[in-house]
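Notes for the one structure printed next.
Each chain gets a letter, A, B and so on, in the order the sequences are listed, and its residues count up from 1.
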Number of protein chains: 2
Amino acid sequence: MENSEAIALTAALLAAAGDLTKRINDGVVARGFEGRPAYGFAFARLAPDGATATDLAAHLGITKQAASQLVDELVRKGYVERRPHPGDARARLVVLTELGWACTRAAEEAALEAVQPWIELLGEGEVRVLCDRLRRIAPYGPFRPAW
Amino acid sequence: MENSEAIALTAALLAAAGDLTKRINDGVVARGFEGRPAYGFAFARLAPDGATATDLAAHLGITKQAASQLVDELVRKGYVERRPHPGDARARLVVLTELGWACTRAAEEAALEAVQPWIELLGEGEVRVLCDRLRRIAPYGPFRPAW
DNA sequence: TCATATGGTCAAGCAGCTTGACCATCCAAG
DNA sequence: CTTGGATGGTCAAGCTGCTTGACCATATGA
């Protein structure tokens, strides 16, 4: 593999990720929610049973102060609530409100809609393979771009 | 395809793109250059024959003012020069210096190095296919994340 | 019981971008 | 030629989302 191909791969990845992220966010906004992509990444962590601000920070790859600010913002918009943490009086458990769940569902719908053009272009099987390959390459890591 | 799969695809794309970008930047820094990932995206546009700040802005998906600031920064670090534009006295052609070329080569090396683990994991053929699919999906667009 | 680790908050600062206003030059219609 | 709008660039101010640093309250283990 040549140098320039590696660069091209990176560019393609970035373009694809950016495109998809933008389309999903647009879709969420079109459904009447206001937000930025970071919300979605936060919701992904909060969804099952809630999380602390520090958990969220680790998940997003930011400081706990920044995570706390993000939570403030989400509270202000009515997407989450801070509840006392059962079993640790220092911590506060951040959980989705009904509106937060609605927004999460909207994001999932928008995501499905956003990948449709890809499915039409490559076929569902290919997209699935693509997804599989990607997950094998970068199994985890913060859901936040590192630059 | 289910909703959650579409979300997973997005997450995987972001993780992969972020991972690769970070590794390339680390590689460039390890080779003795200081910079942030945006430099690489700028170099990609400047490399062949130079470009104007406005060209660069369109390429990166930012305002011309921001592009101009980026060029200032690159000039300050010695990676590019502003030369008078032949044939348009308003414009200034931004071209790579020797140091800029060296940094570009370093980035290509780092990129090749960064995809090595992927090649070992999937095989070169699979990576090439992956790259092809991605380029068909998002043929162009700014080299800058959209969020 | 006390030292240290951990969750959270407050405050200040900064990087990188945006908007708005402006000037110099280009270019095409008259 | 002239002239009016489009285009490349710059200056200045401001904002958003993050960081660092200091600090308090609670938890935990020796």
Side-chain angles (χ1 to χ4, degrees), chain A residues 14 18 21-22 25 29 34-43 45-46 49-77 79-95 142-147, chain B residues 14 18 21-22 25 29 34-43 45-46 49-77 79-95 142-147:
Chain A
L14 282 171
T21 304
K22 180 179 184 338
N25 196 60
V29 170
E34 55 172 343
R36 47 191 177 102
Y39 290 9
F41 306 134
F43 290 167
R45 182 71 182 84
L46 299 176
D49 304 299
T52 65
T54 299
D55 283 342
L56 199 54
H59 180 72
L60 296 177
I62 56 180
T63 60
K64 58 184 180 175
Q65 292 93 325
S68 191
Q69 285 175 18
L70 177 58
V71 171
D72 285 343
E73 199 179 324
L74 292 173
V75 168
R76 214 177 311 126
K77 298 201 171 151
Y79 293 137
V80 306
E81 272 178 5
R82 283 193 232 249
R83 328 189 101 212
H85 192 291
D88 190 338
R90 294 171 304 174
R92 314 178 66 177
L93 196 58
V94 180
V95 295
F143 278 107
R144 174 185 169 250
W147 60 97
Chain B
L14 283 171
T21 304
K22 180 178 185 338
N25 196 60
V29 170
E34 55 171 345
R36 48 192 177 102
Y39 291 7
F41 306 135
F43 290 167
R45 182 72 182 80
L46 299 176
D49 304 299
T52 64
T54 299
D55 283 343
L56 199 55
H59 180 73
L60 296 177
I62 56 179
T63 60
K64 59 183 178 174
Q65 293 93 324
S68 191
Q69 286 174 17
L70 177 57
V71 172
D72 285 343
E73 198 178 323
L74 291 173
V75 168
R76 215 177 308 125
K77 298 200 173 155
Y79 293 138
V80 306
E81 271 177 5
R82 283 192 233 249
R83 328 190 100 214
H85 192 291
D88 189 340
R90 295 170 304 175
R92 314 179 68 177
L93 197 59
V94 180
V95 296
F143 277 107
R144 174 184 168 252
W147 60 93

Rounded interatomic separation in angstrom, taking [atom1] from [X] and [atom2] from [N]:
X: B/Glu73; N: C/dC14; atom1: CD; atom2: P; value: 16 Å
X: A/Leu56; N: C/dT6; atom1: CG; atom2: P; value: 19 Å
X: A/Leu70; N: D/dC18; atom1: CG; atom2: C1'; value: 11 Å
X: A/Lys64; N: D/dA25; atom1: NZ; atom2: C1'; value: 12 Å
X: B/Phe41; N: C/dC17; atom1: CZ; atom2: P; value: 12 Å
X: A/Lys77; N: D/dG17; atom1: NZ; atom2: P; value: 8 Å
X: B/His85; N: C/dC26; atom1: NE2; atom2: C1'; value: 12 Å
X: A/Asp72; N: C/dG7; atom1: CG; atom2: P; value: 18 Å

Which heavy-atom pair separates [X] from [Y] by the least distance, and what is that distance?
X: A/Thr52; Y: A/His85; result: CG2-CD2, 3.8 Å
X: B/Val95; Y: B/Gly50; result: CG1-CA, 4.0 Å
X: A/Gly35; Y: A/Asn25; result: O-OD1, 3.5 Å

Candidates [options] - which lies nearest the side chain of [X]:
X: A/Arg36; options: D/dG17, C/dC26, D/dG9; value: D/dG17
X: A/Ala91; options: C/dG8, D/dG9, C/dC17; value: C/dG8
X: A/Gln65; options: D/dT19, C/dA21, C/dG8; value: D/dT19

With a 4.0 Å cutoff (strictly under), does any side-chain N or O of [X] reach OP1 or OP2 of [N]?
X: A/Arg90; N: C/dA5; result: no
X: B/Ser68; N: D/dT10; result: yes
X: B/Thr54; N: D/dT7; result: no

> So B/Arg92 and B/Ser68, side-chain contact (heavy atoms from CB on, under 4.5 Å) or not? Walk me through it.
Replying inline: CA-CA 11 Å; B/Arg92 314 179 68 177; B/Ser68 191; over 6 Å; no
>> Reading DNA chain D from 5' onward, which residue's closest nucleotide shows up sooner: B/Thr52 or B/Gln69?
In response: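 That would be B/Thr52.
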> When you match A/Asp88 and B/Arg82 each to their closest nucleotide on DNA chain D, which lands nearer the 5' end?
Replying inline: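 Its nearest nucleotide lies further toward 5', so the answer is B/Arg82.
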>> Over all strands shown, is A/Ala66 touching base, sugar-phosphate only, or nothing at heavy-atom distances under 4.0 angstrom?
In response: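 Touches a base.
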>> Would A/Tyr79 and A/Leu46 count as a side-chain contact (heavy atoms from CB on, under 4.5 Å) here? Give the steps.
In response: CA-CA 11 Å; A/Tyr79 293 137; A/Leu46 299 176; over 6 Å; no
